[in-house]
Number of protein chains: 2
Amino acid sequence: MFRPDVPKWLQLTELLKGRIESGEYQPRYPIPSEHQLVQETGLARTTVRKAVAALRDQGYVYSVHGLGTFVSPPEDRKTS
Amino acid sequence: MFRPDVPKWLQLTELLKGRIESGEYQPRYPIPSEHQLVQETGLARTTVRKAVAALRDQGYVYSVHGLGTFVSPPEDRKTS
DNA sequence: CTCTATTTGTACGTATGTATG
DNA sequence: TCATACATACGTACAAATAGA
């Protein structure tokens, strides 16, 4: 599932970003939980968290403690 | 209370399994709640839950949302 | 019927240790 | 020395189901 030459966390970041940009994950709706992403990818939770943190830093998602991680409105995305 | 070389969650799993197999916890009766196990062991709830989840995976107990976790009948136990 | 307490379920936040390249 | 990656462990928050007063 993952190429060996690129960090897995970065590949997961790009994968999720693609699903957001394609509209598969809609603004204001949650992306899969960390637990679900761990199950689906086989990665460790820390690695999944690193991928989601990068998405957050780039304005693609925001997280609410105890609730989940949600897709940001398109204008929040930092495309730089 | 816990050995340093084995994960605490696994040690708690084995401890509870021992109480089930010895008959201290009887089939169809509840085991201590997560909260009680936290108090008794000093572990975090997440760690206690991991121990109970392992017990569930092995067929030793089943949980009912809002009610508790109960000892399974012996024939459900996966001894493999 | 409503309120409350208890209990399990779900989910994110944080920290530490170990191993590998 | 550093980034990546996995595992363990504690903390905090919110949700849902159940039972009883």
Side-chain angles (χ1 to χ4, degrees), chain A residues 1-17 19-20 24-73 76, chain B residues 1-17 19-20 24-73 76:
Chain A
M1 175 176 184
F2 293 104
R3 296 193 304 280
D5 56 330
V6 180
K8 294 175 181 176
W9 68 264
L10 183 54
Q11 296 184 56
L12 179 55
T13 299
E14 294 305 314
L15 173 70
L16 295 173
K17 193 183 295 185
R19 291 181 181 172
I20 290 172
E24 179 175 353
Y25 297 154
Q26 290 283 315
R28 294 176 297 108
Y29 283 81
I31 68 172
S33 71
E34 292 176 358
H35 181 72
Q36 283 177 311
L37 291 174
V38 165
Q39 299 301 314
E40 292 174 9
T41 63
L43 301 176
R45 188 187 169 207
T46 38
T47 306
V48 167
R49 279 187 62 76
K50 189 164 180 134
V52 175
L55 267 187
R56 224 175 5 244
D57 289 344
Q58 295 169 50
Y60 278 81
V61 299
Y62 59 95
S63 298
V64 181
H65 190 178
L67 264 190
T69 297
F70 305 84
V71 178
S72 305
D76 290 353
Chain B
M1 173 175 186
F2 292 105
R3 296 193 306 279
D5 56 328
V6 179
K8 294 175 180 177
W9 67 263
L10 184 54
Q11 295 184 57
L12 179 55
T13 298
E14 294 305 316
L15 173 69
L16 294 173
K17 194 184 294 186
R19 292 182 180 171
I20 290 172
E24 177 174 353
Y25 298 153
Q26 288 285 314
R28 292 176 298 104
Y29 283 81
I31 69 172
S33 71
E34 293 173 0
H35 181 72
Q36 283 177 312
L37 291 174
V38 165
Q39 299 302 315
E40 292 175 11
T41 63
L43 300 178
R45 189 187 168 209
T46 38
T47 305
V48 166
R49 279 186 62 77
K50 184 158 182 146
V52 174
L55 268 187
R56 222 172 10 240
D57 289 344
Q58 295 170 49
Y60 278 79
V61 298
Y62 60 94
S63 298
V64 181
H65 188 179
L67 204 50
T69 297
F70 305 84
V71 178
S72 303
D76 290 354

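Remark: B:Ser33 is not in phosphate contact with C:dT6, judged by side-chain N or O atoms under 4.0 Å from OP1 or OP2. Distances shown here put every side-chain N or O of B:Ser63 at or beyond 4.0 Å from the OP1 or OP2 atom of C:dT8.
Across D:dT4, C:dT8, C:dG13, the shortest atom-to-atom separation from the side chain of A:Arg56 is found for C:dG13. Among the nucleotides C:dG13, D:dA5, C:dT8, the one closest to any side-chain atom of A:Lys8 is D:dA5. Nearest to the side-chain atoms of B:Trp9 among the listed nucleotides D:dA9, D:dA5, C:dG13 stands D:dA9. Side-chain proximity of A:Arg45 to C:dG9, C:dG13, D:dT8: nearest is C:dG13. Of the candidate nucleotides C:dG13, D:dC6, C:dT8, C:dT8 has the atom nearest to the side chain of B:Arg49.
The side-chain heavy atoms of B:Leu43 and B:Phe2, taken from C-beta on, include a pair separated by under 4.5 Å. The shortest side-chain heavy-atom distance between B:Leu16 and B:Val61 does not fall under the 4.5 Å cut-off. Side-chain contact between B:Gln11 and B:Leu15 is absent, with no heavy atoms from C-beta onward closer than 4.5 Å. Side-chain contact check for A:Thr47 versus A:Leu12: every heavy-atom pair is 4.5 Å or farther apart. Within the 4.5 Å cutoff, the side chain of A:Thr13 has heavy atoms near those of the A:Gln58 side chain. In this structure, A:Lys8 and A:Thr41 have side chains that are not in contact, with every pair of non-hydrogen atoms separated by 4.5 Å or more.
Rounded to the nearest 0.5 angstrom, A:Arg49 CZ and A:Leu37 CG are separated by 11.5 Å. In this structure, CD on B:Glu34 lies 10.0 Å from OG1 on B:Thr46, to the nearest 0.5 angstrom. To the nearest 0.5 Å, atoms NE2 (B:His35) and CD (B:Glu40) are separated by 10.5 Å.
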One character per nucleotide, please: for nucleotides 16-21 of chain C, 5' to 3', B when the base has a protein heavy atom closer than 4.0 Å, S when only the sugar-phosphate does, - otherwise.
------

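Taking the C1' atoms of five terminal pairs at each end of the helix from C:dT2-D:dA21 to C:dG21-D:dC2, the two resulting helix axes are inclined by 0°, rounded to 10°.
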Distances for protein N or O near nucleotides 16-21 of chain D N or O, under 3.5 Å:
{"residue": "D:dA16", "atom": "N3", "partner": "B:His65", "partner atom": "NE2", "Å": "2.9"}

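The heavy-atom pair separating A:Phe70 from A:Arg28 by the smallest distance is CD2-O, 3.7 Å. Pairing each heavy atom of B:Val71 with each of B:Tyr62, the nearest pair is O-CE2, 3.6 Å.
The residue among A:Thr69 and B:Pro32 whose nearest nucleotide of DNA chain C lies closer to the 5′ end is B:Pro32.
The separation between B:Lys50 atom NZ and C:dA11 atom P is 16 Å, rounded to whole Å. Taking atom CD1 on B:Ile31 and atom C1' on C:dT6, their separation rounds to 15 Å, with Å as the unit. Whole-Å rounding puts the A:Glu34 CD to D:dA5 P distance at 16 Å.
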Donor-acceptor pairs under 3.5 Å, side chain of residues 50-57 of chain B to any protein atom, not counting sequence neighbours: which ones?
{"residue": "B:Arg56", "atom": "NH1", "partner": "B:Ser63", "partner atom": "OG", "Å": "2.7"}

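Taking the side-chain contact (heavy atoms from CB on, under 4.5 Å) definition, one finds that B:Asp76 meets it with B:Ser72, B:Pro73, sequence neighbours left out.
Residues of residues 35-43 of chain B that place a heavy atom closer than 4.0 Å to DNA chain D, in numerical order, are B:Leu43.
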